[in-house]
Student: 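Below is the structure I would like to discuss, written out as structure tokens.
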Amino acid sequence: MTATMADINNGYEQRFQANGHHKEIDLINRDPKQVNEDVVKVDFEDVIAEPDGTHSLDGVWKASYTTFTVSKYWCYRILSAILGIPVALLWGFLFACLSFCHIWAVVPCIKSCLIESQCLSRIYSLAIHTFCDPLFEALAKIFSSVGVVLRKEV
């Protein structure tokens, strides 16, 4: 009994989906969070436009549209085929390093600073209450007997 290519692919798919470290990849909607919705979505009409009164020949316009669309499509596919995996490897490495630094350095430093600032805050608060509160209470008693009278002169 020979296994068909569909059976082999189905086995790979099941193993890929069964592994808890990977999400299932949607090959139809490749930008589900619409990260690049307005940034790199560029069509012929977004780049090249002829205003009224300035039109090229219809054949030139159609050929330009086809040339732009096909060259953009194939250039992107060729570049992604050649550079997609190495660039994905670099971005994966970069985000792994950023995650490592954030998890093992940034968050512990922030927590340490918060702990130290709480300690310093208590010392500062104690010093203010010890030295400034009596001073301001004395000044309040002194100025509490001051009366202000406002008179309007015409």
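Please read these numbers as outputs of a predicted model, since none were measured by experiment.
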Student: Determine whether Ile103 and Val107 satisfy the following criterion, side chain to side chain contact (heavy atoms under 4.5 Å, CB included), listing intermediate values before the conclusion.
Tutor: CA-CA 6 Å; Ile103 291 166; Val107 171; over 6 Å; no
Student: Any side-chain heavy atom of Leu139 within less than 4.5 Å of one from Phe143?
Tutor: yes
Student: Any sub-3.5 Å donor-acceptor pair from Ser125's side-chain atoms to Ser121's backbone N or O?
Tutor: no
Student: If you measure from OH on Tyr65 to OG1 on Thr69, what distance do you get to the nearest 0.5 Å?
Tutor: 4.5 Å
Student: Is it the case that over 12 heavy atoms from other parts of the model lie below 6.0 angstrom from the CG atom of Asn29?
Tutor: yes
Student: Counting C-beta onward and ignoring hydrogens, is there a side-chain heavy-atom pair between Lys72 and Asp43 closer than 4.5 Å?
Tutor: yes
Student: Can you hop from Val70 to Tyr73 via hydrophobic side chains spaced under 4.5 Å?
Tutor: yes
Student: If you measure from CG on Leu135 to CD1 on Ile128, what distance do you get to the nearest 0.5 Å?
Tutor: 10.5 Å
Student: Are Tyr76 and Val35 connected in the hydrophobic side-chain network, where two residues link if heavy atoms are under 4.5 Å apart?
Tutor: no
Student: Which value, rounded to the nearest 0.5 Å, describes the distance between Thr67 atom OG1 and Lys62 atom NZ?
Tutor: 13.5 Å
Student: Nearest 0.5 Å please: distance from the CD1 atom of Ile123 over to the CG atom of Leu126.
Tutor: 8.5 Å
Student: Please check this pair: side chain of Ser80 against backbone of Arg77, looking for a donor-acceptor N/O pair closer than 3.5 Å.
Tutor: yes
Student: Keeping Ser71 on the side-chain end and Phe68 on the backbone end, is there a donor-acceptor pair under 3.5 Å?
Tutor: yes
Student: Please tell me whether Trp91 and Leu79 are part of a single hydrophobic cluster in this structure, the criterion being side-chain heavy atoms less than 4.5 Å apart.
Tutor: yes
Student: Give a yes or no on whether Leu94 atom CG has more than 12 heavy-atom contacts from other residues, nucleotides or ligands under 6.0 Å away.
Tutor: yes
Student: Might you point out which heavy atoms bring Glu50 and Ser56 nearest each other, and give the distance in Å?
Tutor: OE2-OG, 2.9 Å
Student: Mark yes or no for whether Asp31, through its side chain, and Gln34, through its backbone, hold a donor-acceptor pair below 3.5 Å.
Tutor: yes
Student: Does Ser144 reach the main-chain N or O of Lys141 with its side chain, forming a donor-acceptor pair under 3.5 Å?
Tutor: yes
Student: Can you tell me how far the CG atom of Leu90 sits from the CG atom of Leu83, to the nearest 0.5 Å?
Tutor: 10.0 Å
Student: Is the side chain of Ser112 donor-acceptor paired with the backbone N or O of Pro108 at a distance under 3.5 Å, no angle test?
Tutor: no
Student: Is there a path of hydrophobic side-chain contacts, each under 4.5 Å between heavy atoms, that joins Ile82 and Val87?
Tutor: yes
Student: Linking I/L/V/M/F/W/Y whenever their side-chain heavy atoms sit closer than 4.5 Å, directly or via other members, would Val42 and Trp61 fall into one cluster?
Tutor: yes
Student: Is a side-chain N or O of Arg122 found less than 3.5 angstrom from the main chain of Cys119, in a donor-acceptor match?
Tutor: no
